[in-house]
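Here's the structure we're looking at; comments come further down.
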Amino acid sequence: MRVIEVRGLRKSFRVGAEPLPVLAGVDLAAGRGEFVSLIGPSGCGKSTLFNVLVGLEPLDAGEVRLNGEAAPGKRELFAYMPQQDLLFPWRRVIDNITLGLEVQGMSRRRARERVRPLLPTFGLEGFEHAYPFELSGGMRQRAALLRTVVQERPVLLLDEPFGALDSLTRTTMQRWLEQLWERFRWTALLITHDVREAIFLSDRVYVLSPRPAHVRAWLEVPIPRPRALAVMATPPFLEIERQVRALLDQGAVGPRENDRDADEWEPVSAGDGPGEDARHG
Amino acid sequence: MPVATFALCALAIWEAYARTSGIAPQVLPAPSRVLREGWAFRELIGTHAVPTLQASFLGFTLSMVVATVLAVVMDFSRRVRAALYPALVASQTIPIIALAPLMVIWFGFGLGPKVAVVALVTFFPITVGWVDGFKSTEAGAVQLLRSMGAGSWQVFCKVRLPSALPSFFSGLRIAIVYAVVGAIFAEYVGARYGLGIFMQLQKNSFRTDLVLAAMFVTATISIVLFLSTYLVERLVIPWHFAARRLTDR
């Protein structure tokens, strides 16, 4: 059963008089309890894709289906975790975690009760009344993830969640997230630049083309779970990694029309062009 | 306490000069004389300080309410901001020195015109504090809330308002120093009671010592008010202080 299905998603921005296509018909899907990654070159439009999915940007064409039916209010579908943890400095950790529930109209007290039992699992027990600045980078990211999952939306949308962490912390977090996912089996859509992170965490990896983005290919990751970090050195993993990199490289040097266009757009994405690509890419 | 050392040195030099140079106390009284005479007239100075404090307090409260309402409205509507902001800047170009006597002509010698002058000189820094504070809101935080399904009002209450508080307090600190000065100025050009008119009268009867004593009282009030903003800030936004302490280290 497909929880989420995205078909033919198109989006372009207007730069001066010229339309700048960013998404050129993106198709993807995730089944219940499936962990799916999107990987693509910098500035390929991944963040725009997320913004469209979350409902922050209107889409030009295409549809998003939930459980086989056309989804009405898109915001109800996804719980969004941005790259920056964006914990509010004026809220204590627990009140940051309950933010989404409060927005939904739950009282602060009930929201706290709902969240409290999850704190140990997320390694935040004893820190619920601390302020965010008192936490380490890894803890902040765990709090941000908990803030995302307690919203109990059908799909988690993770936008490079570990991109701002140092590499040691990132590895720890990747292993932690894998274990946690084993336990909760969320349906998750992860955007990342990190090929190994994508393969390590996912059941399926979508490789996006350069802008305007479409899905170039997708690969299953038939590596059994639970996965240890050592799995990254095994032949099946390395083979998938090789394939993903080959698909990405094809975009970087290939003679395809898209690639020439992508180069031409570079100045736009480096300046204050449209959308979020400039920032994330 | 480098401040105390500096102040004591300055006072000592002043005292020595006033005593040895033979300068008339009507021109430059020694600090000891200012202190003695100020103390002797403490009740009179106290009586005059009350309306000054009243005008400062009422004017400042009025200005805080008006500034906050204006800033919030401007935050919600770009069009209102485009219409109002230039007018607010223009209001600051009015020379108070010319306006204050007119206020007396228009509204008389009562409390009203003093309150108005205080409000006029203090509301601008508070408004700017709010407006800049709202602008400093992180775009990503707003996006995050919107992704959670928040409307404009929730975005305002949960992100924009708390984001703006540190900047608001900076504006408040600047404004509160102007409050007492504004009140005294308004009294100086016409009032029945108040430290401003007290100074005016004493100057006219060559009691320079009492003018200086009243100035000392004024300065003390302003400094106390200024410091009290830190106290209030610490109570209202403790997270800001705690975070700053950590990053200062």
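All values below were derived from every heavy atom in this structure, side-chain atoms included, with hydrogens, water molecules and symmetry-related copies excluded.
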4.5 Å side-chain heavy-atom contact, B:Trp153 and B:Phe76: yes

Bottom line for A:Leu99: the part with an atom under 4.5 Å from chain B's heavy atoms is both

Would a distance-only check, ignoring hydrogens and angles, find a side-chain to backbone donor-acceptor pair under 3.5 Å from B:Ser77 to B:Val73? no

With sequence neighbours left out, the residues meeting side chain to side chain donor-acceptor pair (under 3.5 Å) with B:Tyr178 are none

Contact origin within A:Arg91 toward chain B - heavy atom pairs under 4.5 Å: side chain

Under 4.5 Å, counting heavy-atom pairs only, tell me which of B:Leu144, B:Ile237, B:Leu145 racks up the most with chain A. B:Leu144

Would you confirm whether the ring centroid of B:Phe123 sits within less than 6.0 angstrom of the ring centroid of B:Trp130? no

Taking A:Leu158 as the fixed residue, which of A:Leu190, A:Leu201, A:Ile191 is the one that meets the side-chain contact (heavy atoms from CB on, under 4.5 Å) rule? A:Leu190

Derivation of the side-chain hydrogen bond (donor to acceptor under 3.5 Å, both in side chains) call for B:Thr229 and B:Glu233: CA-CA 6 Å; B:Thr229 61; B:Glu233 188 179 17; 5.9 Å; no

Close contacts, residues 156-168 of chain B versus chain A, judged by heavy atoms under 4.5 Å: B:Lys158, B:Val159, B:Pro162, B:Ser163

Ranked by heavy-atom pairs below 4.5 Å to chain B, first place among A:Arg92, A:Gln151, A:Met81 goes to A:Gln151

Whether A:Arg170 engages the ring of A:Phe162 as a cation-pi pair (distance to the six-membered ring centre under 6.0 angstrom, angle to the ring normal within 45°) should be assessed. no

Taking A:Arg10 for the side chain and A:Asp60 for the main chain, is one N or O donor matched with an acceptor at less than 3.5 Å? no

